[in-house]
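Input: a single structure, listed below in structure tokens.
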Amino acid sequence: MIDPGPLWLTLKLASLVTMILLVVGTPLAWWLAMTQSRIKPVIEALTALPLVLPPTVLGFYLLLVMSPNSPLGALWVTMTGTTLTFSFTGLVIASVFYSLPFMVQPLQTTFQSIGKAPLEAAASLRASPFDTFMTVVIPLSRRGFLTAGVLSFAHTIGEFGVVLMVGGNIPDQTRVISIAIYEHVETLNYAQAHILSAGLIAFSFAVLVAVYSINGKGSVRVG
Amino acid sequence: MIDPGPLWLTLKLASLVTMILLVVGTPLAWWLAMTQSRIKPVIEALTALPLVLPPTVLGFYLLLVMSPNSPLGALWVTMTGTTLTFSFTGLVIASVFYSLPFMVQPLQTTFQSIGKAPLEAAASLRASPFDTFMTVVIPLSRRGFLTAGVLSFAHTIGEFGVVLMVGGNIPDQTRVISIAIYEHVETLNYAQAHILSAGLIAFSFAVLVAVYSINGKGSVRVG
Amino acid sequence: RAASPQSVTVAVATNFSDTLNALDLAFQRETGHSITAVSGSTGQLYAQIVNGAPFDILLAADQLRPSRLATTQFAVGESQFTYASGALALWSTRLEITPSRGRDQLASGAFSTLAIANPALAPYGLAALETLDNLNLTEALEGSIVRGENIGQTYLLVSTGNADLGLIALSQLVREDRPTQNSGWRIPATLHSPIHQDAILLRHGAENEAAQAFLTFLNGETARGIIVTHGYTVTQP
Amino acid sequence: MAKGLSVSAKTLNLEINAQFGSLLLHLQARIPAQGVTAIFGPSGSGKSTLLRLIAGFTRPESGLIQLGETTWTDTQNDIHLAPHLRACGYIFQDGRLFSHLTVDQNLAFARARACADRPGPDEAALVTSLGLANLLQRRTETLSGGEIQRVALARALISNPHILLLDEPLSALDADSKAEILPYLTETLRHCDIPAIFVSHSVDEVAYLSDNTLLLNNGRKQAFGPTANILQSLDLDGIADDRDAGAMVVAQITGHDARLCLTHVAVADQTLTLPAIPDLPVSDRIRLRIRARDVAIATHRPEGLSIRNILPVRLEAIEQDLETSSAELLLSLGETRLRARLTRAAVEALKLEIGQDVFALIKSVSFDSRITAS
Amino acid sequence: MAKGLSVSAKTLNLEINAQFGSLLLHLQARIPAQGVTAIFGPSGSGKSTLLRLIAGFTRPESGLIQLGETTWTDTQNDIHLAPHLRACGYIFQDGRLFSHLTVDQNLAFARARACADRPGPDEAALVTSLGLANLLQRRTETLSGGEIQRVALARALISNPHILLLDEPLSALDADSKAEILPYLTETLRHCDIPAIFVSHSVDEVAYLSDNTLLLNNGRKQAFGPTANILQSLDLDGIADDRDAGAMVVAQITGHDARLCLTHVAVADQTLTLPAIPDLPVSDRIRLRIRARDVAIATHRPEGLSIRNILPVRLEAIEQDLETSSAELLLSLGETRLRARLTRAAVEALKLEIGQDVFALIKSVSFDSRITAS
Ligand SMILES: Nc1ncnc2c1ncn2[C@@H]1O[C@H](COP(=O)(O)OP(=O)(O)OP(=O)(O)O)[C@@H](O)[C@H]1O
Ligand SMILES: Nc1ncnc2c1ncn2[C@@H]1O[C@H](COP(=O)(O)OP(=O)(O)OP(=O)(O)O)[C@@H](O)[C@H]1O
Ligand SMILES: [Mg+2]
Ligand SMILES: [Mg+2]
């Protein structure tokens, strides 16, 4: 009765985007947390900007940038032979761009709250900055990563304006669950919309409860 | 040439929503950060849920809940004589609901990172929990409030699916700038859309840079 | 002229909202009343109307939703009529489409993407699909089709060059402020069922004098002239 | 003196039973809520944990904590007064200044919430005595270890608590600062009538400050009583620096010598001379600590010696430690007991025997002193 | 002993000029990168700041820091070696264990990154000696103050650094733990050939551990040299506990008395007796500390006294402090100088005069001792 395609595609997209954001956003957040650079406020503002534009509008501009008429889009076509728009890759890129603030901002806050003390302790034990980052900063920022991950993942699932614009709503390729629900609402198939929404909510709720339960374990803090 | 109505309305909405979220989200985040309760993961998951549904779909459900046909909406009509939907008040309520995760999650992370030590120190100086919260926790969480505030504010500005559904795009009442831009794009008035977008981006960028610059001041940290 | 100018709130399908702006000027000149336009997708407007939205008139992008409303308490059933009929056009910014060669160009498949509106959501999309069916191209072009959420986005996909070709609304091509970069091919009306857009008076506007006046105006000669210049056809009453 | 007697003799009643990981804290004690009580014990014996229980930061599995008539914790009746209502000042082992406030603002924080039910310490004097004048505008992150401790001390005192818990408050201070701060701290606590519980690893500090001492070992009360008695007990071995073991002696002031800066006191009919304690009137009773290592023995009264305090004593016991070179002697001077630590070689050479009358030589510069509250 | 000589005699070369708030740290020193160097000075004098500069956590405005041939910081050439490349172990005043790791994992962290260029300390022995066996599985938040310091010490030693900086590593420890840990620490540092710089407020610790001492005051080098010389200098007043001032004396072992657990040493032709130092062969040279307060004066050689060490000395100088009761005497025994602290009353009563020949009475139990590296 319900096509599993959109759900599957949605999970794939959200997981991939969250993973890419972890890889891209973590160093950026770390740099922002540590730098003394004058341009820091500018970069911070830039990372928050994708939030300000409505998703559809952002999608509109991404369409302009990614179109084969634009230098970037043209380059992509030359390199890969396909257009960036209407492809899963394009969706991923657009979503990464759009969800970036949700990864960077919470991580930056967490990193700053760690302070210099553990970093110095690690350096005194000959841990290189990268080593320190992997073995000290990341574990100490567990809660921050959780928040950033949940916000990014959930937002990518729910996100839909950008995806709709850039993706072209191609079944099994760019037709995510949010679009499917939207269509049901638009075409007055409210019963279908309710079912899909309930399913999405129940599923997300279960995942979130599991994630938060695991996180709660073993983090007893004694003054 | 450009109607200042939507811009003004947007700022009013975003400011009001952010302020309400500060008032509502802060105690919730604090409770989540401090509680040992078993249901904590459930509440945490609930606060993240509004993210998972596509804005338009969420808006659809909010529309159902807030409509005069529903008990809640009917109650509102009895009490105030006006409907909740298609009013500025309705917009505010819907946006608060939708942007809640952006306030609660970063704040909770920050509160948890403070630890118990400063709280105990304050209690030993006879500061009540509320006093401690106001005079110790909040100043120590400055960066977290900044992140939460920026995410909530920017998201409310850029948000539009919910607003469109619940608000109904009524000029000077519920027609915020994101909808205005969206409409220009939809009706192929690209030039107008570009102008409005550029204005919104420039304005937001200036505000964000200012906010981050002020925040950067005086926060030098010595190991 | 009516004694006191009033305002009428018109919920309008996005694809017609430009035309409505043009109508507004004439309407004001003629009656002194003014229009507050609320644009959106027809489905969204429907959901809002059945949940108490303060709209007086709905100008839908199809016939389905006004008909649905007509059977409910939210609209004045007998007021429904077709205010405009849309036409499709094949268009591109990358290829030179000519009226004479349009059909072959579409059939050749010498392009990688063809944008249509989402058939589930937009009547123009449904018409586009029917057209392809009637040309026996559906199977051949299956892999090349991308869908815009509505006809506005479909235009966007083509105009930005992301889609090579698109089946868009003729009304989008004929706007005077937007000279067409290349010519297009108007799809013969025989290739798809008509795209009727219906208007209906809503319960909220039933007592509104201006709403009545607007419906009358919309059915009148002035309005029809304006609608036709915007790329729609009108059926004679 | 007079002040010490003015308050009702409250007690802090502790009955605690609590498990923290491998530590079982299990003790009962009635601590006078007056003057200073020291908690003394090896690292990990539960000192900080006990203070945290008193302050209400943790709850015991079962137990009772009462200050005077007020019940703070009573697990049977499920009472647990919130920490901020206990008016329980706390100086933490790790400072815990508020990092978002300057030094000044840290003090102001305490001032704004200070107990106003009785006069608090003079803040200006506090700032001067603790050497904080130059630090007031500073951010707390830039303070040195010793500076942090001094600010924490000032902050806790300004809050004028009903009871003050101090967890090794002077550990990061140099001897000179300590020597300045200790008398000031004693005086302030006495003046503002703030009872205090004081955790320290330094016998010197304990002896100087405290009236009573609770010896803690492995979560259990090993001894509790007047500091004089506790320090005298042999159990100190293994906790205190050997160098610090000795006897506490009560003495009465008999006169002052202003020119030579000396005070004469009587101990069991004998006279001792010590560095001047100028403010104390004649006939006041004071307490002295005489370290075993500062006591030498002579078989007959020596002449021409710089050691001026020579007391005739009876040799009550000799404890020889065959693993080391030293022997510990217990000496009696009337009711008063003294201790002396010699080499076993000296015991042998002088042919010392139990019951023998000998002379205890006490270097006058070796007194610690504190006025008793009684 | 032999080990102490085995390494090339590197030095840590410091030329530092840096402003931190109101503190101007301005000093030059060539610290032997061998054995232990103590940094001693009042609270706020810049000790921690200096260590942080050496470790590379902060940069001086201008300055040069070199270990042997390697330049760590050179502001002129804009060199600043990253802290983790300096192989500079650091024990922080505030512990800084990793809170996300257990005790065990904290040690493992250090082990995984330890310098492998020469053998490190035996980890099992370390765990036993520092009493960590029962703590290994514990989360660091549950540790007591003293436990934190011991884990931090173990962690730093396991990392086997090329130089170890210790910032008051023992301040939270009780005397007994200190007494156990200090000899072990000395031995480990010597055995693994780790030079150390040691900040402490305790003259005892400094005397016990260090070969050289840097006296810091208000950001400036007040004195630098062998610990013996520094502790002897009068400048200690105002930094160290008065009780701890005294003289350092070099002595040569002449024999052991196993039965009475004594060791006899020669100082300038005279014999002193002290508690046994069993492991040292006869004729080894050692260093002794004789506190001024442990020295009494007699005008003629006393008899029947438990004080066994009686040295004929000449009175070189008398410093009377008219504000207090005490007087400080400088005594000479051949080339060796001793100090004695008496009451002014005693000076007067014995009619002591400069140039007079008197006897210095030294209680044998009052020695600190440390074997010199030379
Ligand atoms: N929550 C806990 N879980 C496990 N062990 C704990 C917990 N709290 C305290 N302990 C242990 O109880 C013992 C006593 O700790 P406490 O901090 O009271 O010691 P302390 O006497 O203050 O020692 P120190 O002088 O070193 O500060 C320590 O061994 C500590 O590790
Ligand atoms: N960034 C800074 N800004 C202002 N003052 C500073 C800064 N860093 C250090 N100081 C000051 O320099 C002085 C020396 O600090 P440091 O921590 O080196 O002292 P210390 O000798 O280690 O003292 P302690 O024995 O108390 O730990 C202190 O007065 C401290 O407040
Ligand atoms: Mg403790
Ligand atoms: Mg320091």
Side-chain angles (χ1 to χ4, degrees), chain B residues 22 26-27 29-31 33-38 106-150 211-223, chain D residues 48 51-59 81-102 105-117 120 138-144 148 151-152 154-167:
Chain B
L22 277 175
T26 305
W30 180 244
W31 181 81
M34 290 294 121
T35 185
Q36 307 278 349
S37 161
R38 289 253 193 77
L107 281 188
Q108 186 187 343
T109 307
T110 306
F111 290 158
Q112 286 187 351
S113 75
I114 290 180
K116 287 216 181 114
L119 312 184
E120 291 179 354
S124 81
L125 297 169
R126 296 165 27 89
S128 70
F130 179 73
D131 184 1
T132 303
F133 186 77
M134 298 305 286
T135 56
V136 176
V137 175
I138 289 186
L140 284 177
S141 311
R142 213 171 61 153
R143 172 75 216 185
F145 275 98
L146 185 79
T147 298
V150 164
V211 165
Y212 285 120
S213 297
I214 293 167
N215 179 59
K217 290 263 155 50
S219 67
V220 185
R221 206 165 179 143
V222 176
Chain D
S48 302
L51 289 199
R52 290 177 57 77
L53 282 166
I54 296 173
F57 296 142
T58 44
R59 304 177 188 216
L81 192 68
H84 71 282
L85 299 175
R86 299 188 179 198
C88 201
Y90 202 118
I91 298 180
F92 297 87
Q93 218 165 347
D94 53 358
R96 302 206 185 172
L97 301 183
F98 295 125
S99 61
H100 62 297
L101 302 178
T102 62
Q105 291 165 337
N106 265 279
L107 302 185
F109 188 99
R111 192 187 314 125
R113 293 159 183 83
C115 294
D117 51 359
R138 292 268 289 281
R139 295 181 57 80
T140 57
E141 288 108 342
T142 67
L143 297 181
S144 81
I148 290 172
V151 176
R155 191 177 67 170
L157 285 174
I158 287 174
S159 129
N160 194 21
H162 289 177
I163 185 167
L164 182 59
L165 311 177
L166 304 98
D167 200 351

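Numbered from 1 within each chain, the chains take letters A, B, ... in sequence-line order. What you see is a predicted model, and the numbers here were worked out from it, not measured in a lab.
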Original post:
Measuring heavy-atom distances to chain D, does Thr132(B) have an atom under 4.5 Å in its side chain, in its backbone, in both, or in neither?
Top reply: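 Looking at Thr132(B), nothing touches chain D.
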Please classify the contact between [X] and chain B as side chain, backbone, both or neither, with a heavy-atom cut-off of under 4.5 Å.
| X | result |
| --- | --- |
| Ala87(D) | both |
| Pro83(D) | both |
| Ala114(D) | backbone |

Looking at [X] and [Y], what are the two nearest heavy atoms and their distance?
| X | Y | result |
| --- | --- | --- |
| Ala121(B) | Arg155(D) | CB-NH2, 3.9 Å |
| Ala156(D) | Leu125(B) | CA-CD2, 4.4 Å |
| His84(D) | Ser128(B) | CD2-CA, 3.2 Å |

Subject >> Heavy-atom donor-acceptor pair, Arg113(D) side chain to Arg126(B) backbone, under 3.5 Å >> reply: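 Looks like no, no N/O pair under 3.5 Å.
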Subject >> Partners meeting salt bridge (Lys or Arg N to Asp or Glu O under 4.0 Å) with Arg59(D) (sequence neighbours left out) >> reply: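 Testing Arg59(D) for salt bridge (Lys or Arg N to Asp or Glu O under 4.0 Å), a comparison that skips the adjacent residues, returns none.
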Original post:
Under 4.5 Å between any side-chain heavy atoms of Phe98(D) and Thr135(B), yes or no?
Top reply: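 In short, these two side chains do not touch, never coming nearer than 4.5 Å.
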Original post:
Excluding sequence neighbours, so at least two apart, what forms side chain to side chain contact (heavy atoms under 4.5 Å, CB included) with Ser124(B)?
Top reply: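 Applying side chain to side chain contact (heavy atoms under 4.5 Å, CB included) to Ser124(B) gives Phe57(D), Tyr90(D), Phe92(D).
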